[in-house]
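Notes to accompany the following structure.
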Amino acid sequence: MSKLGVILAAGKGTRLYPLTLSVNKHLLNIYNKPMIYYPITNLIMLNCTRIVIITNEKDVVSFKPIIETLKKLNIDCAIKVQSESFGIPTAVRDAISDEIFEELYVILGDNIFFGNGFIESLQRLQKSNLILTKIVKDPSQFGVISEQKNRRQMVEKPKEFVSNQAVTGFYRFGADIIDVLEECRPSSRGETEIADVINLLLNNPAKDLDIVKLTRATLWLDAGTFEDLANTNALVAQISQRQGQDFGSIEEAALQNGYISVPTFKKIIRNYPPNSYSQYLESIVS
């Protein structure tokens, strides 16, 4: 089955200004690697046969070194430019243009997921479409899934409590998702909304949709604000240092999932600067 992975790495980065004055926010560091390494790793672990990073035109050059690194890992990856229109459905539509796939994974570039068995649990689910939800303390800051009066719908940042099941930035869609995306029209904000996509799927019995409620065992971090970025850095560093096991490493993921052989892995990391990141990678095969 051909799997296409899409990482949404455009946007203006206004919530992180002035950090984003000269750099795309998805290239800011989370502990010892660029933020975008984490969603890339998830897509590698899901055995995506191709990855598309969609970003702003001015940021294309900044992502090229990462694309070159992925090529060395035998990972087919491309950069595409988001159109002037905004919104997740529009960005996804731009990303999958001219692409051929049977299964589509979409992940927001500032969302980080980590947990024992997380990837395996996604692969076991049979339905074409799925969204991941997580219980949050303040649902008014998120889009949430409401399941009231036998009706399921996604409600964007509800002012009154309807649910604490927040929709995360990780989605799986079938090949016919393009038809649903085409139905989306800009909202009053002037953007197409992911809530419209989810609700179209929920209200169409012919569309298989799984709502997967992530357990406490799975970590979900959104690094889109100053506070979240700082907290994510601290937590990821703490997990890595305490466990002695890094996560979000594209090289390790490529090795584990058979994109490259051990000799190729060794050859690649031999040219890395001597620091704790390269030392960790060396420890995997030593």
Side-chain angles (χ1 to χ4, degrees), residues 6-43 53-56 59 62-63 66 82 86-88 91 105-116 118-119 131-145 154-159 161 163-171 189 191 193-195 198 212-243 246-250 277:
V6 169
I7 301 175
L8 305 184
K12 297 179 180 178
T14 52
R15 293 185 298 167
L16 287 172
Y17 182 90
L19 290 178
T20 52
L21 189 61
S22 59
V23 63
N24 183 290
K25 76 171 179 179
H26 305 91
L27 297 175
L28 295 172
N29 73 291
I30 298 296
Y31 183 41
N32 59 356
K33 57 187 74 70
M35 185 187 300
I36 200 168
Y37 266 42
Y38 296 90
I40 290 174
T41 298
N42 284 140
L43 296 178
I53 298 172
I54 187 155
T55 189
N56 309 306
D59 294 321
S62 300
F63 280 98
I66 292 177
Q82 183 170 340
F86 293 105
I88 292 176
Y105 287 92
V106 177
I107 185 167
L108 303 188
D110 58 2
N111 275 223
I112 294 173
F113 296 84
F114 173 72
N116 186 31
F118 168 63
I119 295 297
I131 58 174
L132 309 181
T133 66
K134 183 84 169 177
I135 293 176
V136 294
K137 183 178 180 181
D138 184 6
S140 67
Q141 299 300 310
F142 302 89
V144 299
I145 293 296
M154 181 174 173
V155 181
E156 194 65 52
K157 297 182 178 179
K159 294 181 179 179
F161 181 87
S163 167
N164 62 355
Q165 289 287 340
V167 177
T168 72
F170 202 144
Y171 318 93
R189 297 195 306 159
E191 300 182 9
E193 307 287 350
I194 188 63
I198 302 306
V212 181
K213 298 178 180 179
L214 297 177
T215 67
R216 293 182 181 180
T218 300
L219 185 73
W220 170 47
L221 301 170
D222 180 343
T225 67
F226 294 123
E227 295 76 14
D228 289 338
L229 181 65
N231 291 336
T232 299
N233 257 296
L235 185 56
V236 172
Q238 188 178 57
I239 292 172
S240 298
Q241 291 168 7
R242 285 191 175 184
Q243 295 184 355
D246 206 348
F247 70 97
S249 164
I250 58 176
Y277 184 72

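A quick note: this is a predicted structure, and the numbers were derived from the prediction, not measured. Each residue takes its place number in the sequence, starting with 1. Computed over heavy atoms, backbone and side chain alike; hydrogens, waters and symmetry mates excluded.
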Would you list the atom pairs, donor with acceptor, under 3.5 Å between side chains in residues 216-223 and any protein atom, with sequence neighbours excluded?
| residue | atom | partner | partner atom | Å |
| --- | --- | --- | --- | --- |
| Trp220 | NE1 | Asn111 | OD1 | 2.8 |
| Asp222 | OD1 | Gly224 | N | 3.1 |

Among residues at least two apart in sequence or on other chains, which ones pass ring pair (Phe, Tyr, Trp, His ring centres under 6.0 Å) with Tyr38?
Phe247
Looking at residues at least two apart in the chain, or sitting in another chain, which of them share a side chain to side chain contact (heavy atoms under 4.5 Å, CB included) with Lys157?
none
Looking at side-chain heavy atoms only, is the closest gap between Ile30 and Tyr37 below 4.5 Å?
no
Show, in sequence, the C-alpha distance, side-chain angles and deciding distance for Phe63 and Leu27, and conclude whether the side-chain contact (heavy atoms from CB on, under 4.5 Å) test is met.
CA-CA 8 Å; Phe63 280 98; Leu27 297 175; 3.7 Å; yes
With side chains defined as the heavy atoms from C-beta onward, is the minimum distance between Phe86 and Lys12 less than 4.5 Å?
yes
Quick one: salt bridge (Lys or Arg N to Asp or Glu O under 4.0 Å) pairs with a partner in residues 25-42, sequence neighbours left out?
Lys25-Asp110, Lys33-Asp246
Using the side chain to side chain donor-acceptor pair (under 3.5 Å) criterion, which residues pair with Thr225? Sequence neighbours excluded.
Asp228
Could you work out, with side chain to side chain contact (heavy atoms under 4.5 Å, CB included) as the rule, every residue matching Thr133, not counting sequence neighbours?
Ile145, Gln165, Val167, Ile211, Lys213
Do Met154 and Ile194 have side chains that get closer than 4.5 Å, going by heavy atoms?
yes
Answer yes or no: does atom OH of Tyr17 have more than 12 heavy-atom neighbours from other residues, nucleotides or ligands under 6.0 Å?
no
Set of side chain to side chain contact (heavy atoms under 4.5 Å, CB included) partners for Gln141, sequence neighbours left out
Asp138
Of Val6, Ile7, Leu43, the residue whose pairing with Val106 passes side chain to side chain contact (heavy atoms under 4.5 Å, CB included):
Val6
Sorted by chain and number, sequence neighbours left out, salt bridge (charged side-chain N to carboxylate O under 4.0 Å, His left out) with Arg189 holds for Glu191, Glu193
Taking side chain to side chain contact (heavy atoms under 4.5 Å, CB included) as the test, write out the residues that go with Asn56, two or more places apart.
Ala10, Asn24, Lys58, Asp59
Is there a side-chain contact between Leu132 and Phe118 (heavy atoms, below 4.5 Å)?
yes
Between CG on residue Leu108 and OH on residue Tyr171, distance to nearest 0.5 Å:
5.0 Å
The side chain to side chain contact (heavy atoms under 4.5 Å, CB included) partner of Ile36 among Ile66, Thr41, Ile107, Leu28 is Ile66
Could you tell me if the side chain of Phe114 sits less than 4.5 Å from the side chain of Val236, heavy atoms only?
no
Does the side chain of Phe113 reach to within under 4.5 Å of the side chain of Ile119, using non-hydrogen atoms?
no
Which residues share a side chain to side chain donor-acceptor pair (under 3.5 Å) with Tyr277, sequence neighbours left out:
Ser249, Glu251
